[in-house]
Every structure is written in C-alpha cells, then in structure tokens.
Amino acid sequence: MNRSLLMTSDLFPVPTTADFSSVIAIDSLSRILPNWCAWAKMARVNPILKEVAYPFPEFKLKFLGPILKKYRIIRGKETTAFQTWIERIEKIVTDKLTSL
C-alpha cells in the first residue's frame, strides 16, 4: 500500500435522526469513547506500534457535532414531535459528548 494513500482523521461527526434511538446511541457513545481514547493514547506510545510500517498516529480527537437528518419541516419549522427529539439530542450532546 502506498503511504500517501493512508488517511486518518481526528474529527468526527455523529449522524443522528430525531428519535429515541439516537439519544440512546449518543449516551452509549459517551460511555465507550473515553475507553477508545485511553486505548489510542496507550497505543501511540507502545514501542511495537512505533516501529511498524504505519505507526499509530498522534491522537487528537475533535467532536464536530451531531448531524440531524430525516425530520419534517412545516412552514419553515420542525414539527413538534421532531422538535422534542432534536432538543433531547442537543441536550445529551451538550451534557455528555462536548465534555470529552
């Protein structure tokens, strides 16, 4: 594999839909992500991974925010049911993901 083709990213968005499943998924991600971050930081300093053909990159994770999709807009505004879920998603993102 050509090294110039290897790409990594420190940025990540979270795709969501205005529903209960997205709220649960964000909550789960907020509990799992710290473990992934800790593993990545340990992997970066691991002597074996420093000497491989493609060393583990420096870890600098940055949350871009949620991407909300598939919700209905009527007269330029979200419907009430969707707005309720959008607000819940905004709250859980603010409370649990932006502090990581």
* To do: Start with the C-alpha distance between I92 and V23, add both sets of side-chain angles, then the distance that settles side-chain contact (heavy atoms from CB on, under 4.5 Å), and finish with yes or no.
  => CA-CA 7 Å; I92 197 164; V23 172; 4.1 Å; yes
* Asked: D27 and S30: side-chain contact (heavy atoms from CB on, under 4.5 Å), yes or no, with the steps?
  -> CA-CA 5 Å; D27 183 60; S30 73; 4.1 Å; yes
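Hydrophobic clustering (ILVMFWY, side-chain heavy atoms < 4.5 Å, transitive): L33 and L11 are in distinct clusters. When the side chains of ILVMFWY residues are joined at heavy-atom separations under 4.5 Å, either directly or via intervening members, I67 and F82 end up in two distinct hydrophobic clusters. The same ILVMFWY cluster, assembled from side-chain heavy atoms under 4.5 Å apart, contains both F12 and I32.
Residues T16 and K69 are not in side-chain contact: their nearest non-hydrogen atoms beyond the backbone lie 4.5 Å or more apart. Counting heavy atoms from C-beta outward, R44 and F59 have side chains that stay 4.5 Å or more apart. Looking at W85 and S22, their side chains never come closer than 4.5 Å, going by heavy atoms from C-beta outward.
Rounded to the nearest 0.5 angstrom, E58 CD and D10 CG are separated by 8.0 Å. If you take CD on E90 and CD on E87, they are separated by 7.0 Å, rounding to the nearest 0.5 Å.
Between the side chain of S28 and the backbone N or O of I24 there is no donor-acceptor pair closer than 3.5 Å.
Looking at L97, L68, I89, L64 one by one, the single match for side chain to side chain contact (heavy atoms under 4.5 Å, CB included) with V14 turns out to be L97.
A pairwise comparison of heavy atoms in V52 and L49 identifies CG2-O, 3.3 Å as the closest pair.
A 6.0 Å sphere centred on CD1 of I48 holds no more than 12 heavy atoms belonging to other residues, nucleotides or ligands.
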